[in-house]
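Have a look at the structure below before the remarks.
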Number of protein chains: 2
Amino acid sequence: MNKTNVGCVVNELRYLVMLEIRHLKTLVALRETGSVVEAAERMFLTQSALSHQLKELEARLDCELFIRKSRPLRFSSAGKRLLLLADDVLAKVDEAERDVKKLMHGETGRLFMAIECHSCFNWLMPTIDIYRNQWPAIELDFSGGFTFEPLPALAQGEVDLVITSDPLPLKGVEYVPLFSYEMHIGIANNHPLAAKTFLQPQDLADQTLITYPVERSRLDVFKQFLNPAGVTPLAVRTSELTLMMVQLVASGRGLCALPNWVLAEYADQQLISVRSAGEKGIWPVLYAAVREESLTASYVQDFLILAKAHCLKNLQGVKQVA
Amino acid sequence: MNKTNVGCVVNELRYLVMLEIRHLKTLVALRETGSVVEAAERMFLTQSALSHQLKELEARLDCELFIRKSRPLRFSSAGKRLLLLADDVLAKVDEAERDVKKLMHGETGRLFMAIECHSCFNWLMPTIDIYRNQWPAIELDFSGGFTFEPLPALAQGEVDLVITSDPLPLKGVEYVPLFSYEMHIGIANNHPLAAKTFLQPQDLADQTLITYPVERSRLDVFKQFLNPAGVTPLAVRTSELTLMMVQLVASGRGLCALPNWVLAEYADQQLISVRSAGEKGIWPVLYAAVREESLTASYVQDFLILAKAHCLKNLQGVKQVA
DNA sequence: TGCTTTACATGAATCAAACTGATAATTTTC
DNA sequence: GAAAATTATCAGTTTGATTCATGTAAAGCA
């Protein structure tokens, strides 16, 4: 660039591409997780890699993008500006990629869904709404209900996708992990057990447990917590509605075991208290079950990607599965 | 992904980033040049590299982006869709990068320009208009005129940037090549010399040459064409206005030597004919001269990048300098 | 039609940059 | 203040983008 002498010709004036899509994704992950470690995890990279990447980017731009020494990390004004860009650009790139897929295999198809995990209603509906905009030509349907057996229906071809936390081996059915979450126990604020930091199986021996009206063999509290310890609750009472379960718990009629992301919002409002089941807690994994063939269709792949991303982003305390 | 057996768990569902900024730039270069070879040149890559890149991208997207066997190449519908994305995204990325620069060094400054190449008015004005939007806080000014000596004024600090095709060594002045272009000779359609495919110096010995009113030592026709052959035209007549020069040429009053990009538009309208000077033609290089210190300022760098890009894109028949 | 020119494709080798793993330095939390 | 967690850094490895050399196909021209 300079030999500090008379009239030299400066040649390398190519436009240095500083920003890459990769960087924008990193920034978004950073914002959504609040730490480099977690952002790295979400991007399937090591913390080291991301640290290098950020250092390199900051060097290229010659500016600091965020303040590390604060939890959660805070973005500088430059960082905020780039996040604005990221939100815009990443959405558009995604859309373009989808459009290309559609142009190629002019895809239209069917995506009938069912849930085995009844709380999943909470996130599934908003996800479907987003999805409908992305793939307007796909025929969508949803089967709920407690009597309905989704997995056999999936194998038979009656439905195309089932949300379940119980991946039982079935010919031609594959399970795509979405995320893992903690199964929390909801308890009245003034309940004596609320004094404990976490609950043991025995604690439930003289309590009423409130569940969805399904067999015990399909409930994680039994499978992973009570049964192994040989404990049965004093009574089991059922409810089809989550909100009603919470009301019952709040008024001291019993305890309930539900995903953290369901209980969190009620706990935040101080309606009830939540405790872990055991010291480490119970961490089921939620899967999307689809038939083998479906996995090749981009409109199915896209739904899976969307669901996973949507949950990781919006559901409190859910973790990516390794 | 598949072991074609019972109920396997499919794990790798990370969103494969297919598109990168790099790819978008390639597509745009492809559109603007109309061939892989030239696009590669413009991106400072080999033809091979670009060929690989495109193959890889098409594989990732699983679709053809453009039809190679046609000149200029034609884009497929998928290609067109991605070009749409590219235009949107690249502009926004540029803007964001500029904003970051401004946030950092809150840059405001001065950019007084002058031209030694008088035809440059044509592209300089539109370029300045674009630039003004990008850097509204920069004070812009422009000195024209045939009596004014820009290069000394640059060294003295009266102006900050000079467009010239004659990079004479001056302390503290650096020359940034913008592009190279062919110096064409304009000639009346019915002129006897119009029969030749290109002109020799001797052809001008009995002709009138119409030039801008500057010394012959600053005119490329003399420096690079007539003087080396020891030829002088029958007469030299001057005009300050390009359009008037062309009118004179069209009516058979003489010949003129002007950059291809100036004459091309008149030739396209069949107003005049153009011929090369010599078999290979004369190919001057146009430079932007700036003072050494200016090169570190991003608002100057940005002007240079913009000018170069704008000319390569919009001026007919200009070439990037190696 | 055959010959030359030009543009693009391909394979192997190279090289740079991104990533990892281990560890050190730092900060936060209790 | 100690322990835990987060981030930075170093050196080694891997990946994948780029080049070089060459092959193939199309376009232009006699």
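Throughout, protein chains are lettered first and strands after them, A, B, ... in sequence-line order, and every chain is numbered starting at 1.
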Check: protein-nucleotides 3-5 of chain D nitrogen or oxygen pairs below 3.5 Å:
none

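- One atom, CZ of A:Arg22, and another, C1' of D:dG16, lie 12 Å apart when rounded to the nearest Å.
- B:Lys25 has its NZ atom 17 Å from the P atom of D:dA17, to the nearest Å.
- Residue B:Glu58 contributes atom CD, which lies 12 Å from atom C1' of C:dC8 at whole-angstrom precision.
- Considering B:Leu54, B:Leu85, B:Leu61, B:Leu57 as possible partners of B:His23, the one that fulfils the side chain to side chain contact (heavy atoms under 4.5 Å, CB included) test is B:Leu57.
- Note: CG (B:Leu73) to C1' (C:dT6) measures 15 Å, nearest angstrom.
- For the pair B:Ser276 (side chain) and B:Glu279 (backbone), a donor-acceptor distance under 3.5 Å is absent.
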key: Verdict with reasoning, A:Phe75 to A:Leu82, per side-chain contact (heavy atoms from CB on, under 4.5 Å)   = CA-CA 10 Å; A:Phe75 288 90; A:Leu82 291 188; over 6 Å; no
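- Nearest heavy atoms, B:Val100 versus A:Cys63: CG1-SG, 3.7 Å.
- Nearest heavy-atom pair, B:Arg81 versus A:Ala96, reported as atom, atom and distance to 0.1 Å: NH2-CA, 3.5 Å.
- We find that NE2 of B:His23 is positioned 12 Å from P of D:dG16, with the value rounded to whole Å.
- Atom-to-atom, CZ of A:Phe66 to P of D:dT6 comes out at 14 Å; the value is rounded to the nearest Å.
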task = For A:Gln320 and A:Arg42, run side-chain contact (heavy atoms from CB on, under 4.5 Å): C-alpha distance rounded to whole Å, both residues' side-chain angles, the deciding distance at 0.1 Å, then the answer.
result = CA-CA 7 Å; A:Gln320 190 169 243; A:Arg42 178 164 305 191; 4.1 Å; yes
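- For A:Val37, the side-chain atoms get nearest to D:dT6 when compared with the rest of C:dC19, D:dT6, C:dC8.
- Residues A:Glu64 and A:Ala78 come closest through the heavy atom pair O-CB, 4.2 Å.
- In the displayed structure, B:Lys313 atom NZ is contacted under 6.0 Å by at most 12 heavy atoms of other residues, nucleotides or ligands.
- No donor-acceptor distance shorter than 3.5 angstrom exists from the side chain of B:Glu20 to the backbone of A:Glu20, with no hydrogens or angles considered.
- Nearest heavy atoms, B:Arg275 versus B:Ala194: NH2-O, 2.8 Å.
- Going from atom CD of A:Glu41 over to atom P of C:dC19 covers 16 Å, rounded to whole Å.
- The nearest whole Å value for the distance from the CZ atom in B:Phe44 to the P atom in D:dT19 is 12 Å.
- Counting only heavy atoms from C-beta on, A:Leu45 has its side chain closest to C:dC19 among C:dA7, D:dA17, C:dC19.
- The stretch residues 47-57 of chain A comes close to DNA chain C through A:Ser48, A:Ala49, A:His52, A:Gln53, each having a heavy atom under 4.0 Å from the strand.
- Scanning all heavy atoms of the two residues, the minimum distance from A:Phe198 to A:Asp203 falls at O-OD2, 4.4 Å.
- Looking at every heavy atom in both residues, A:Asn260 comes nearest to A:Gln316 through ND2-O, 2.9 Å.
- Comparing the start and finish of the helix from C:dT1-D:dA30 to C:dC30-D:dG1, five pairs each, the helix axis swings through 40°, to the nearest 10 degrees.
- Put simply, A:Arg68 has no side-chain N or O that comes within less than 4.0 Å of OP1 or OP2 on C:dT27.
- Within the 4.0 angstrom heavy-atom criterion, base atoms lie near A:Thr46.
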